[in-house]
Novice: 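Provided herewith is a single structure, encoded as structure tokens, for subsequent inquiry.
The shown structure was predicted, so the numbers you read here are calculated from the model rather than taken from an experiment. Atoms within a ligand are numbered from 1 in the order they appear, just like the ligands themselves.
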Amino acid sequence: MIGQSVALTGGPRAKSRAIESGEPVVQLHDVIHIYREADVETVALRGLDLTIAAGEFVAIMGRSGSGKSTLLNLLAGSDRPTAGRVIVAGLDLARADEAERSRLRGRRIGIVYQSQNLIPMLSVAENMALAASLAGRPMQRPDIDKRLGTLGLASRGDHRPDQLSGGEQQRAALACVLAADPPILLADEITGELDSVTAGEVLDAVAAIHREAGTTIVLVTHDPAVAARADRIVTLRDGKVVSNGPPP
Ligand code: ADP
């Protein structure tokens, strides 16, 4: 991985803006996030510091309510910190305007959730082709098939989502998110509803993308077995990082 670069603005066309593997791609400094609803304030993050290097695979753990989703929303640029700095791919998200944050979401960050967002009447390959075109990077069928092969879906390109198992659907959703070739992938409890064998297949697919494309991966999970697949586990409690290191 050393020397491999992770393009942040659009694949090979944007090599000049690439961040070298190993350089920080996510930096959070003393981040505070407070939700305000009517008179009620909830402090979700209280002085969180975290750095993630390009090409790292990091698992975020912590009990329900510890701030994991809030952290992911800040990284995705869908929310701004109440205080502190959140820098993703060189963009200071507390200062960026909506257009800049939306560009970050569209071009540099892929987000995959527990529930998939495949279009039911299109085949897996058509779903991917659509996602790729919407991201402005049309993919031809041979490239689609190659990517499906990496994700263990080589023979599934012509199937519709309802013809796939739960794990295959999750991997197909991953394939669509990855069709935009995002340098950073945010994954929120993507194995939460899967049995352990199927979850293992989805994680193999994530690990393959990490290995082959050098994608930076931030994966939120409750499950220590899932987190153990990452290079590093960051554990949150009450909105702060309480442990940060390689899996045991
Ligand atoms: P986790 O993902 O670890 O379960 P969250 O980031 O969802 O944690 O939540 C952290 C804290 O912020 C919790 O106390 C939660 O109730 C609160 N919270 C999360 N989202 C909102 C919201 N939209 N409005 C008010 N409070 C929220």
Novice: Between Ala44 and ligand 1, does any nitrogen or oxygen pair lie at a separation below 3.5 Å?
Specialist: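 No.
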Novice: Please tabulate, for side-chain N and O atoms in residues 236-248, each donor-acceptor pair with protein atoms closer than 3.5 Å (sequence neighbours left out).
Specialist:
| unit_1 | atom_1 | unit_2 | atom_2 | d |
| --- | --- | --- | --- | --- |
| Ser243 | OG | Thr235 | OG1 | 3.1 |
| Asn244 | OD1 | Arg232 | NH1 | 2.7 |

Novice: Quick one: do Asp188 and Lys68 make a salt bridge, cutoff under 4.0 Å?
Specialist: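 No.
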Novice: Note the single closest protein heavy atom to atom 8 (O) of ligand 1, along with its residue, its atom name and the distance in Å.
Specialist: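 Ranking protein heavy atoms by distance from atom 8 (O) of ligand 1, first comes Gly67 N, 3.1 Å.
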Novice: Do me a favour and list the nearest non-hydrogen protein atom to atom 1 (P) of ligand 1 with residue, atom name and distance?
Specialist: Gly65 N, 3.4 Å
Novice: Can you find a protein heavy atom under 4.0 Å from atom 19 (C) of ligand 1?
Specialist: yes
Novice: Please confirm whether Arg63 approaches ligand 1 to less than 4.0 Å, judged on its heavy atoms.
Specialist: yes
Novice: Looking only at protein heavy atoms, which one is nearest to atom 15 (C) of ligand 1, and how far off is it?
Specialist: Thr42 CG2, 4.5 Å
Novice: Can you tell me if Gly62 has a non-hydrogen atom under 4.0 Å from ligand 1?
Specialist: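 No, that is not the case, since the closest heavy atom of the residue is not under 4.0 Å from the ligand.
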Novice: Name all pairs fulfilling the salt bridge (charged side-chain N to carboxylate O under 4.0 Å, His left out) condition that reach into residues 141-153, sequence neighbours left out, sorted by first residue then second.
Specialist: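 Residue pairs with at least one partner in residues 141-153: Arg141-Asp145, Arg141-Asp158.
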Novice: To the closest 0.5 Å, what do you measure between CG (Leu151) and CG (Leu178)?
Specialist: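 Between Leu151 CG and Leu178 CG, I get 6.5 Å after rounding to 0.5 Å.
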Novice: Nearest non-hydrogen atom to atom 3 (O) of ligand 1 belongs to which of Glu189, His222, Lys68?
Specialist: Lys68
